Number of protein chains: 2
Amino acid sequence: MMAVYDDMNEKTKEKIQKSFLQLLQEKNFIKVSVQDIAKASGINRGTFYLHYLDKYDLLDQMEENLLAGLEVQLERLQPDRLLLEAEKGNISMHAVEVFRYIQLNAETFKVFLGGNNRVGFHKRLKQFFVEHFLEKMISNELFFNSTTVPQDYLSSFATSAFLGLIEQWLDNDLAETPKQMAEMYIQIIFFIKNL
Amino acid sequence: MMAVYDDMNEKTKEKIQKSFLQLLQEKNFIKVSVQDIAKASGINRGTFYLHYLDKYDLLDQMEENLLAGLEVQLERLQPDRLLLEAEKGNISMHAVEVFRYIQLNAETFKVFLGGNNRVGFHKRLKQFFVEHFLEKMISNELFFNSTTVPQDYLSSFATSAFLGLIEQWLDNDLAETPKQMAEMYIQIIFFIKNL
DNA sequence: ATTCCACTAAACACACTGTTCAGTGGTTAT
DNA sequence: ATAACCACTGAACAGTGTGTTTAGTGGAAT
């Protein structure tokens with residue numbers, strides 16, 4: 001039984017991640033040094049390197065975790081059902097759950113999507129949506145068979161639009177409820193559908 | 001007459017910017033050092049600091065220049081006329097010019113919008129579009145008076161969608177002509193109009 | 001002729017990096 | 001109880017890049 005050591009490792013990792021997130025709210029990722037992180041976490045600088053390769057690795061793992069959580073929500077969201085329900089005027093519970101996940105991790109999303117980030121979490125998130133949701137949706141011939149706009153443009157356009165919605169929500173400090181967001185989202189889907 | 005010195009200054013600045021752009025195509029902004037830039041430009045490292053505060057300032061000025069050029073194109077593009085023409089099935093010459101400008105500076109746009117950038121040129125470009133074009137368009141009550149979706153969401157959504165179109169174009173190595181892009185763009189405008 | 005200007009070359013202190021190594025204290029296994 | 005184990009500490013290390021400064025070069029303007 002080495003669960004105690006696993007807990008220890010996890011707890012310091014959590015301390016590091018929490019302090020890192022706080023620092024990112026104050027200043028640029030670039031200007032946050034490993035020294036800063038260690039100091040803010042109350043750990044030795046060497047300890048940081050026992051858990052992460054460097055600060056880029058730290059950011060990478062945190063982004064990965066956030067997306068992994070999002071993936072769980074998106075997997076439950078079946079495009080076919082979503083559209084069928086929407087046509088009856090119902091909002092899928094699963095769609096609301098997606099926005100609730102974002103709400104739950106709002107601070108993290110805000111920091112990663114904000115200007116203080118490195119490679120553009122935006123790009124990564126966009127790619128993620130295209131792969132995990134939009135491709136299934138658009139390739140569904142039942143709903144989307146536009147001949148006027150090429151599929152790759154349709155895909156990029158729709159995903160960006162969706163992300164724009166989320167970014168605005170975060171900028172508004174989540175003034176709307178997840179349900180309201182899901183409703184807007186459904187409206188966008190119908191736009192594209194009626195292309 | 002000190003035009004000779006001005007020329008000299010400009011030429012070294014151009015050398016720096018050109019080398020910088022090349023370096024950004026190879027590696028991350030973060031991994032590009034002032035030493036690298038100086039070496040690639042064939043200038044002394046100290047000379048770099050005679051023109052720029054640091055590499056962040058260099059990137060900032062280049063982004064600024066790119067947007068300034070774009071602003072010139074966007075100013076000619078009058079939302080009212082654009083829509084009136086579009087309804088008749090005509091594509092505004094000015095709309096095509098906007099895409100031609102992007103085509104002309106494709107390499108720069110690609111590098112700045114790609115993952116190798118710092119604060120996300122994406123964010124800046126989005127803000128730029130909202131300020132210089134979309135606000136005029138959406139606040140034009142003649143065309144947009146949606147009550148179902150709040151204006152800020154509409155704005156963010158529409159701008160992101162437009163940017164998504166451009167990103168896809170760049171990813172496709174500008175396979176489409178500026179005219180084709182302008183046509184797609186008009187289609188998007190009509191989507192939003194018919195919300 | 002001399003002042004002006006962009007640029008060079010070299011040196012400077014400083015900050016952060018990633019690694020290493022001996023040591024501490026609590027936990028687990030024998 | 002003793003020994004092995006493990007996460008962590010503190011301090012040192014060379015290495016790299018930073019931004020600044022100094023003295024000096026050579027061409028252009030006055």
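A note on names: the letters A, B, ... follow the listed sequences, proteins ahead of strands, and every chain is numbered from 1. A quick note: this is a predicted structure, and the numbers were derived from the prediction, not measured.
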*Can you list every salt bridge (charged side-chain N to carboxylate O under 4.0 Å, His left out) pair that touches residues 149-177 of chain A, not counting sequence neighbours?*
A/Lys110-A/Asp173, A/Glu167-B/Lys126
*Listed in order of residue number, which residues of residues 32-46 of chain A have a non-hydrogen atom at under 4.0 Å from DNA chain D?*
A/Gly42, A/Ile43, A/Asn44, A/Arg45
_Counterpart residues, ring-ring contact (aromatic ring centres under 6.0 Å, His included), relative to A/His51 (two or more places apart)_ = none
*Return the set of residues passing side-chain hydrogen bond (donor to acceptor under 3.5 Å, both in side chains) with B/Asn9 (not counting sequence neighbours), or none when no residue passes.*
none
_Pairing residues for A/Lys55 by the salt bridge (charged side-chain N to carboxylate O under 4.0 Å, His left out) criterion, not counting sequence neighbours_ = none
Protein-nucleotides 2-7 of chain D N/O pairs under 3.5 Å:
from, atom 1, to, atom 2, distance (Å)
D/dA7, OP1, A/Asn9, ND2, 2.9

*asked:* Could you work out, with ring-ring contact (aromatic ring centres under 6.0 Å, His included) as the rule, every residue matching B/Phe112, not counting sequence neighbours?
replied: B/Phe121
_Between B/Gln17 and B/Gln61, a side-chain donor and acceptor under 3.5 Å_ = no
_ring-ring contact (aromatic ring centres under 6.0 Å, His included) partners of A/Tyr153, counting only residues at least two apart_ = none
*Taking only Watson-Crick and G-U wobble pairs with both distances under 3.5 Å, what dot-bracket line describes DNA chain D, where [ ] shows pairs that cross earlier ones and | shows pairs with another strand?*
||||||||||||.|||||.|||||||||||
_Going by the rule salt bridge (charged side-chain N to carboxylate O under 4.0 Å, His left out), which residues pair with A/Lys27 if we only count those two or more places apart in sequence or in a different chain?_
A/Asp36
*asked:* For DNA chain D, which residues of residues 13-25 of chain A approach it to below 4.0 angstrom with any heavy atom?
replied: none
Please output the side-chain donor-acceptor pairs of residues 94-103 of chain B that fall under 3.5 Å, not counting sequence neighbours, one pair per line with the distance.
from, atom 1, to, atom 2, distance (Å)
B/Glu97, OE2, B/Arg100, NE, 3.4
B/Tyr101, OH, B/Leu66, O, 2.7

